[in-house]
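Below: the structure, in structure tokens.
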Amino acid sequence: EVYNTSGNYNAVFKNSGQATLEIQGGENSSARIRLIPDEGDDVNNADHFQLIHETSNNFELQRYVVGSGWEWKWKLDSSNNVHQTGNLTVGGTATYIQFNKGSTRHAYIQSYQNKLYVSNDNASDIFFRTQNSDNLILYHGGTLFSNKGGDLGTSASRWSTIYGSA
């Protein structure tokens, strides 16, 4: 049922079971839904968005950018990897990013009570990498190890006190 109320067009799908809206692209063509608010007259303000399922099997949220055209901002690729441009903000009461293998949590990064936690739930080591190389390793037993044999600080920026036992 499609109807117009005071200039608003509404589509309502009702039945006693599942309702489906299907948008099917032609042969070798994508399927998309465009969302354009405010009469669509603010192209310079880039208020045009679209959901698109490409023939490459990527699913994207795209925004219209003046001078560039449609650019993806969020993408689920055909290998089930999520990509995003811009910042990702995680909010709520349990603010963390969790890394799972199947349904089992393996590690997480959490901001809680003004502290940042990096946790590996499987009693494994935490590796700090730069340029595809393991530079610093925090072993699960508490040992901090440098794979590069580097210094702890510099002559201009030293650690004031290092405690240990003999």
Side-chain angles (χ1 to χ4, degrees), residues 13 18-21 23 30-38 40 42-54 56-166:
F13 303 91
Q18 178 177 326
T20 301
L21 170 65
I23 299 173
S30 61
R32 70 186 72 205
I33 298 173
R34 285 197 176 151
L35 304 168
I36 304 172
D38 191 28
D42 294 334
V43 175
N44 291 331
N45 293 329
D47 63 355
H48 293 55
F49 282 88
Q50 68 180 3
L51 293 173
I52 183 168
H53 188 192
E54 298 178 323
S56 62
N57 211 21
N58 291 337
F59 180 73
E60 299 179 359
L61 171 64
Q62 297 180 341
R63 182 179 212 165
Y64 187 80
V65 177
V66 176
S68 300
W70 291 101
E71 295 181 357
W72 68 267
K73 300 300 175 186
W74 183 88
K75 179 192 304 188
L76 176 63
D77 70 22
S78 58
S79 298
N80 292 325
N81 297 309
V82 176
H83 307 266
Q84 176 173 320
T85 61
N87 295 328
L88 172 65
T89 302
V90 178
T93 55
T95 308
Y96 64 91
I97 300 172
Q98 181 169 299
F99 303 93
N100 291 1
K101 185 173 185 180
S103 61
T104 304
R105 182 177 78 184
H106 281 259
Y108 65 89
I109 300 170
Q110 180 182 25
S111 174
Y112 179 70
Q113 294 182 342
N114 297 321
K115 297 176 185 171
L116 179 66
Y117 294 88
V118 177
S119 176
N120 190 334
D121 290 346
N122 295 311
S124 295
D125 309 324
I126 297 175
F127 291 77
F128 298 88
R129 307 188 86 191
T130 58
Q131 298 178 337
N132 271 346
S133 179
D134 300 335
N135 293 322
L136 193 62
I137 305 167
L138 178 58
Y139 290 109
H140 68 276
T143 303
L144 186 61
F145 176 77
S146 171
N147 232 12
K148 300 289 185 184
D151 294 328
L152 195 57
T154 65
S155 60
S157 201
R158 300 172 190 240
W159 292 42
S160 59
T161 306
I162 299 176
Y163 295 97
S165 61

Can you tell me how far [atom2] of [Y] sits from [atom1] of [X], rounded to the nearest 0.5 angstrom?
X	Y	atom1	atom2	answer
L136	F145	CG	CZ	9.5 Å
Q62	L51	CD	CG	9.0 Å
I52	F59	CD1	CZ	10.0 Å

Atom of [X], atom of [Y] and distance for their closest heavy-atom approach:
X	Y	result
S155	R158	O-NE, 3.1 Å
Q84	G86	NE2-O, 4.0 Å
I23	A31	O-CB, 3.4 Å

Flag the pair N120 / D125 as yes when at least one side-chain heavy-atom distance between them is below 4.5 Å, and no otherwise.
no

Heavy-atom check, side chain of L76 versus side chain of N81, under 4.5 Å:
no

Going through the checks in order, is the side chain to side chain contact (heavy atoms under 4.5 Å, CB included) test met by F128 and N135?
CA-CA 6 Å; F128 298 88; N135 293 322; 5.7 Å; no

Please say which of I36, L35, V65 ends up in a side chain to side chain contact (heavy atoms under 4.5 Å, CB included) with H48.
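Result for side chain to side chain contact (heavy atoms under 4.5 Å, CB included) with H48: I36.
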
Non-neighbouring partners of N57 that pass side-chain contact (heavy atoms from CB on, under 4.5 Å), sequence neighbours left out:
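In terms of side-chain contact (heavy atoms from CB on, under 4.5 Å), with neighbours along the sequence ignored, N57 is linked to H53, S78.
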
List the residues meeting side-chain contact (heavy atoms from CB on, under 4.5 Å) with T104, not counting sequence neighbours, and say none if there are none.
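Here the qualifying residues are H106.
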
Which pairs of donor and acceptor atoms, one on a side chain in residues 66-75, lie under 3.5 Å apart (sequence neighbours left out)?
residue : atom : partner : partner atom : Å
S68     : OG   : E71     : OE2          : 3.3

For R34, which residues count as a side-chain hydrogen bond (donor to acceptor under 3.5 Å, both in side chains) partner, sequence neighbours excluded?
Q50

Can you name the residues that form a salt bridge (charged side-chain N to carboxylate O under 4.0 Å, His left out) with D77, not counting sequence neighbours?
none

With R129, which residues qualify under salt bridge (charged side-chain N to carboxylate O under 4.0 Å, His left out), at least two apart?
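Per chain and number, R129 pairs via salt bridge (charged side-chain N to carboxylate O under 4.0 Å, His left out) with D134.
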
